[in-house]
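Owing to the predicted nature of the structure, the values given are computational and were not obtained by experimental measurement. Each chain gets a letter, A, B and so on, in the order the sequences are listed, and its residues count up from 1.
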Amino acid sequence: MPELPEVEYIARSLDARLPGQTVCDVVVRWERTLATHDPTSFRSALCGLTFQSVGRRGKFLLLELPPYWLLIHLRMTGRLYYCPAPQPDWEQNRHVHLILSLDRDARLYLHDIRKFGRAYLTFDPQEVVGNLGIEPLSPELTPERLAQELRSRRRQLKPLLLDQRVLAGLGNIYVDEALWAASIHPLTRSHTLTDAQIAELHENLRRILRDAIAHGGTTLRDYRGPCDETGQHQFSLAVYGRAGTPCRRCGTLIERTVVAQRGTHYCPVCQPVPTEGEETLDEPQTDS
DNA sequence: ACACCCTCCTGGAGGC
DNA sequence: TGCCTCCAGGAGGGTG
């Protein structure tokens, strides 16, 4: 499932290929892929436009096609595949829902087994990504800013970190990895973290995201880069998908549980369950 | 404010 | 071998 590192890798790869290319034709095979248009208006809006740049915001790909922006969210199983010539296998693939024909017969395919991915065509990207929180790798995300985001809420840490309105781009894999690296239990209440824990979380979160980008992302099953390449970060995972295997730090078997309807992987020794005492101490006031 | 559940989807895995 | 059921989960919506 593409999260920040995978989307960042895809954006960089496409930014080296798409700028200067003009859209010659558009084929929509699954209408609901289009979040903002019907196939006819989508096609007539895009045809003749030229790519200017490709970037990322959270888990959204931002494809600049003046005067429009084409925003793509890959959700669970979405893939973008670029090739300099039409590929019969891809043209006929039943999971290809969108095909852009470019200059010199190049192709950009949107492939999505579960059909959750969405494409948004807009003049103003803020209409789509305006509610996203801070970028985890931005210089603005200092330990102090992270502390402010965490302490202004009283939520379980895992669902908070997954909330795109707070931090933009984190998904299930990297949240589990970051919490393990910082030795924090996923159910810990956000306002109970110490300065030291927040510093650990800040540092490890950013390190893991940078490593994963450098590794071309994590390929567990479906993820591929725009040239069909797999990522390599799956070999560096400490907890995600490792239930029943030894913790890389202490040797205890990694456990899997469910938090906020999401599979959650952690080390029961390195990430001890937060004690109830902290919370009751912190909120002694009761309703009257 | 926050937790919880449902919906969208399909392929893969497990049970028998 | 084959059929059936369950499960994974990002995001948005509704409910309590």
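- Between A:Thr77 and A:Val128, it is A:Thr77 whose nearest contact on DNA chain C lies nearer the 5' terminus.
- Taking the charged nitrogens against the carboxylate oxygens, A:Arg107 and A:Asp25 have no contact shorter than 4.0 Å, which rules out a salt bridge.
- Two residues are said to be in side-chain contact when any heavy atoms from C-beta on lie closer than 4.5 Å; A:Val259 and A:Tyr266 fail this criterion.
- Within the 4.0 angstrom heavy-atom criterion, base atoms lie near A:Arg262.
- Applying the 4.0 Å criterion to OP1 and OP2 of B:dC9, one finds that A:His95 has every side-chain N and O outside that range.
- Counting heavy atoms from C-beta on, the side chains of A:Phe123 and A:Tyr68 come closer than 4.5 Å.
- End-to-end axis angle of the helix from B:dC2-C:dG16 to B:dC16-C:dG2, from C1' rotation axes over five pairs per end: 50° (rounded to 10 degrees).
- The nearest whole Å value for the distance from the CZ atom in A:Arg75 to the P atom in B:dC8 is 13 Å.
- Chain A approaches DNA chain C over the interval C:dA8 to C:dA11, counting the first and last nucleotide 5' to 3' with an atom under 4.0 Å from its heavy atoms.
- Counting to the nearest Å, the C1' atom of B:dC8 and the NE2 atom of A:His97 are 12 Å from each other.
- The distance from atom CG of A:Asp112 to atom P of B:dC8 is 16 Å, rounded to the nearest whole Å.
- The cationic group of A:Arg248 does not satisfy the cation-pi geometry with A:Trp180, failing either the under 6.0 Å distance to the six-membered ring centre or the 45° limit from the ring axis.
- Within the 4.0 Å cut-off from OP1 or OP2 of B:dA3, at least one side-chain nitrogen or oxygen of A:Arg155 is found.
- Contact check, A:Arg94 against B:dG11: a side-chain N or O comes under 4.0 Å of OP1 or OP2.
- Nearest-nucleotide mapping onto DNA chain B: of A:Phe116 and A:Arg221, the residue sitting toward the 5' end is A:Phe116.
- Phosphate proximity of B:dC9 to A:Arg32: present, with a side-chain N or O under 4.0 Å from OP1 or OP2.
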